[in-house]
Chemist: 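So that we are looking at the same thing, I have put the structure below in structure tokens.
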Amino acid sequence: MCAANKETSNPLSSRQDVAAELNAMLGALDKQFPQGSSRFSLGETCAHYATDVAQMEGLSRVLWGLFPLMAAGDTTPYSDKYIAAIKQGTDPQSPGYWGETAPYDQRLVEMAAYGLGLSLLQDKLTDLFSEREIINLHAWLNQITDAQMPDSNWNYFAIMVQLGFKRAGLPYDQRAIDRRFAMMDAYYLGDGWYSDGIGRPKDYYISMAFHFYGLIYATLSGDEERANALRERSRLFANDFIYMSAADGASVPFGRSLTYRFAMVAFWSAVAFSGLDVFTPGIVKGIILRHLRWWQQQPILDRDGILTLGFAYPNLAMCEDYNSPGSPYWALKTYLILALPEAHPFWQAQEQPLPALAEKHVIAHAQQILMHADNSQHVTMLTAGQLELNNYVNTEAKYTKFAYSSRFGFTIERGRFGLKHAACDSMLLLADGDSYFRGRRECEAVRVDENYIFSRWSPWHDVHIDTWLVPFGDWHLRLHRVNSARTLQTVEGGFAVMKAEPELGARGSRINAENGSSVIVDLSPVIQRVPDSVVTPPNSSIMFAECASIPMLTTTLPQGESWLCCAVTAACQSPHTSATPLLHINNNQVVIRQPDHERQLSFFL
């Protein structure tokens, strides 16, 4: 990936190109890796675990890229250093020992990479260790077998370790594998979808964890009955997940752990690795390589070539408390494709564009509707809002906005007081006269229909809001029925774009910016809202560091029942010229149509 203002000459078209890009990252890391050490430091910021654990994490995550290279027989000039580090880190007599693990320990997470190495390399890896060193490695990793850990995707870490033991001819525990799979089956939702634990979100962990590990297990375990079930689940999931990808290589940013960046397409690398029969190798190759090229254009490396914390640029404000300086290297999971040799059909296939995708795709289990516009150049996700029970930083911004965009991303809250800090993009925010704004957080009811997503939420105990999100061509409509015992100030925002002056009309606000256009138009049947805009502080958007402009609508709501309605769109090109939809609500029937009558939608509330 290229640093800011640097030109890249790597076209990322062949296996050789992708391997060269990975080796460039490994080379940058090597300069931070002291000879004879079992860990290295990549920065001075902290996570909620100890610094020495964070340094071990950074080293371990690099192995997601290095082990596939080694498995394919590539020359790996840095491998000796990492093998020496593993020997030290797993030796209780060494000053570099990684230590005994505790419940919920971060080191349990990192063990999965070693399970992958043993699974891919088998005796090619163990032959590099003496008998005593193999005993040390097995003993250190075996701590995970009965470890107490979150009931979530973490269960796969234990499975990956046991799979590695089995593949490398080391003692393994099949009962531990069966037990962990049984735990995860409890949160399988159907049609290929999991939640990340009982009652937890359906986010990128479903792709980059559940299905990623599941396809590795299905490919390498020899457990055919379970492998067939995992493959079928992944096949179903793939037909939904492809809608998260835009034609330009971007994916819709949503949920936590976005600092893992190109891990967003790690699932497709597992699809290629496993030979899953779902899309052609050329389509899968195109999704992965276009995504990596998209990241080449983002300033995500520091001056030493090290991946920074953030999303499309360095941004600590958006990070979770489990993000250490080495955490972003989970992105290297995507390099699983390098375990495939040059002659593999994946690498021999001609890269293909996205297949023809529907303009609207409903994913009921994830409570999402994906919208593709401009020949899939722009992808919008409408969502019911999912509450992350751990309440990580900016959880509302990451999970509960009405819409997320592959082009415009979203903004995060930068302060508790005042509108410019409140991240009003794709949100309806309300204040009780004090400039402390509240929006949708926990939903009391959710319903997903082929025409809309419905949610019921209560920002105060005596304020209840029913919201319908309706995809309609290039637009989506938001209908809010508000029942309030309070007089409330309200603000509703469109998508955030780079700072620019708004164009304010009688009922709408439009911003034509350098990176595209954003429009919100009031369609409320009785109350007429005031068009306006707000400029957020720098580093509010996860997509660009500059100040962001958000078109918005404002009004004061009286006590009682009120309707607030609007139409929202955004486009990669400025200005956006699509005609605003017309809305009519009568006796709980909603009719939406284009002024030219070419498109019409009708449903009952």
Chemist: Please report whether the ring centroid of F165 lies less than 6.0 Å from that of H138.
Modeler: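 Ring centres of F165 and H138 closer than 6.0 Å.
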
Chemist: Measuring only between side-chain heavy atoms, which start at C-beta, is Y260 closer than 4.5 Å to N323?
Modeler: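 Yes, close enough: below the 4.5 Å cut-off.
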
Chemist: Does the separation of the ring centres of Y217 and F181 fall below 6.0 angstrom?
Modeler: yes

Chemist: Is the distance from the ring center of F210 to that of Y194 below 6.0 Å?
Modeler: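 Between F210 and Y194, the centre distance is under 6.0 Å.
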
Chemist: With the side chain counted from C-beta on, respond yes when L120 and M70 share a heavy-atom pair under 4.5 Å apart, and no when they do not.
Modeler: no

Chemist: Are any of the side-chain heavy atoms of D91 and Q88 separated by less than 4.5 Å?
Modeler: no

Chemist: In Å, rounded to the nearest 0.5 Å, how long is the span from CG of N315 to OG1 of T259?
Modeler: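 Nearest 0.5 Å value for the CG-OG1 distance: 9.0 Å.
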
Chemist: Evaluate the side-chain contact (heavy atoms from CB on, under 4.5 Å) criterion for residues W295 and I300: first the C-alpha distance (whole Å), next the side-chain angles of each, then the deciding distance (0.1 Å), finally the verdict.
Modeler: CA-CA 8 Å; W295 283 108; I300 60 176; 3.8 Å; yes

Chemist: Donor-acceptor pair, N10 side chain versus D17 backbone, under 3.5 Å?
Modeler: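 Looks like yes, one N/O pair under 3.5 Å.
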
Chemist: Using a strict 4.0 Å threshold on nitrogen-to-oxygen distance, state whether D173 and R180 make a salt bridge.
Modeler: no

Chemist: For a quick check under 3.5 Å, do T126 and D123 share a side-chain donor-acceptor pair by atom type?
Modeler: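 Checked: T126/D123 side chains show no N/O donor-acceptor pair below 3.5 Å.
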
Chemist: Can we say E224 and R231 salt-bridge, meaning some charged N sits less than 4.0 Å from an Asp/Glu carboxylate O?
Modeler: no

Chemist: Does a side chain donor of either E57 or S327 reach within less than 3.5 Å of an acceptor in the other side chain?
Modeler: yes

Chemist: Return the minimal non-hydrogen interatomic distance between T145 and Q162, and the atom names on each side.
Modeler: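 That would be OG1-NE2, 2.9 Å.
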
Chemist: Tell me yes or no: between the side chains of D178 and Q174, is some donor less than 3.5 Å from an acceptor?
Modeler: yes

Chemist: Decide yes or no for L230 and L215: does some side-chain heavy atom of the first lie under 4.5 Å from some side-chain heavy atom of the second?
Modeler: no

Chemist: Going by ring-ring contact (aromatic ring centres under 6.0 Å, His included), name the residues that satisfy it together with Y205, two or more places apart in sequence or in a different chain.
Modeler: none

Chemist: Can you confirm whether F262 sits close enough to M264 that some side-chain heavy atom of one is under 4.5 Å from a side-chain heavy atom of the other?
Modeler: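 Answer no - side chains too far apart.
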
Chemist: Go through the side-chain N and O atoms of K87 and Y82 and say whether any donor and acceptor fall under 3.5 Å apart.
Modeler: no

Chemist: Looking only at the aromatic ring of each residue, does the gap between the centers of W268 and F212 stay below 6.0 angstrom?
Modeler: no

Chemist: Using atom types as modelled, flag every donor-acceptor pair under 3.5 Å from a side chain in residues 283-290 to any protein atom, sequence neighbours excluded.
Modeler:
residue, atom, partner, partner atom, Å
K285, NZ, W347, O, 2.9
K285, NZ, A349, O, 2.9
R290, NE, A247, O, 3.4
R290, NH1, Q352, O, 2.9

Chemist: Is there a donor in the side chain of Y392 and an acceptor in the side chain of S257, or the other way round, less than 3.5 Å apart?
Modeler: no

Chemist: Are F237 and W193 close enough that their ring centres sit under 6.0 Å apart?
Modeler: yes

Chemist: Kindly confirm or rule out a cation-pi arrangement of K81 over F33, judged by NZ or CZ under 6.0 Å from the six-membered ring centre and within 45° of its axis?
Modeler: yes

Chemist: With a 4.5 Å heavy-atom cut-off, do T90 and L141 have their side chains touching?
Modeler: no

Chemist: Can you sort out the partners of Y404 under ring-ring contact (aromatic ring centres under 6.0 Å, His included), two or more places apart, ordered by chain and number?
Modeler: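 Partners of Y404 by the ring-ring contact (aromatic ring centres under 6.0 Å, His included) criterion, ordered by chain and then number, come out as F254, F410.
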
Chemist: So, taking the atom named OG in S130 and the one named CG in N136, what distance separates them when rounded to the nearest 0.5 Å?
Modeler: 7.5 Å

Chemist: Within the 4.5 Å heavy-atom criterion, are L66 and Y335 side-chain neighbours or not?
Modeler: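 Heavy-atom side-chain distance check fails, nothing below 4.5 Å.
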
Chemist: Walk me through it: do M244 and V379 pass the test side-chain contact (heavy atoms from CB on, under 4.5 Å)?
Modeler: CA-CA 7 Å; M244 295 289 282; V379 182; over 6 Å; no

Chemist: Would you tell me whether D196 and Y204 have side-chain atoms, one donor and one acceptor, within less than 3.5 Å of each other?
Modeler: no

Chemist: Judged by modelled atom types alone, do T400 and Q386 share a side-chain donor-acceptor pair under 3.5 Å?
Modeler: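 Side-chain D/A pair, T400 to Q386: absent.
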
Chemist: Before accepting this row, confirm whether a basic side-chain N of the pair R235/E232 lies closer than 4.0 Å to the acidic partner's carboxylate O.
Modeler: yes

Chemist: Taking all non-hydrogen atoms of both residues into account, name the closest pair between T308 and P314 and its distance.
Modeler: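 In terms of heavy atoms, the two residues are closest at OG1-CG, 3.6 Å.
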
Chemist: Start with the C-alpha gap between R226 and S221, add the side-chain angles, then the distance that decides, and say whether side-chain contact (heavy atoms from CB on, under 4.5 Å) holds.
Modeler: CA-CA 9 Å; R226 182 168 279 139; S221 67; over 6 Å; no

Chemist: State, yes or no, whether a side-chain contact exists between L309 and P328 at a heavy-atom distance under 4.5 Å.
Modeler: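 Touching, per the 4.5 Å side-chain cut-off.
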
Chemist: Taking the six-membered ring for Trp and the full ring for Phe, Tyr or His, determine whether the centres of W98 and Y114 are under 6.0 Å apart.
Modeler: yes

Chemist: For the residue pair R233 and Y188, would you count it as a cation-pi contact if the rule is NZ or CZ under 6.0 angstrom from the ring centre and within 45 degrees of the ring axis?
Modeler: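 Yes, R233 and Y188 form such a contact.
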
Chemist: Go through the steps to decide whether H291 and S251 satisfy the test side-chain contact (heavy atoms from CB on, under 4.5 Å), and finish with yes or no.
Modeler: CA-CA 8 Å; H291 188 72; S251 293; 3.6 Å; yes

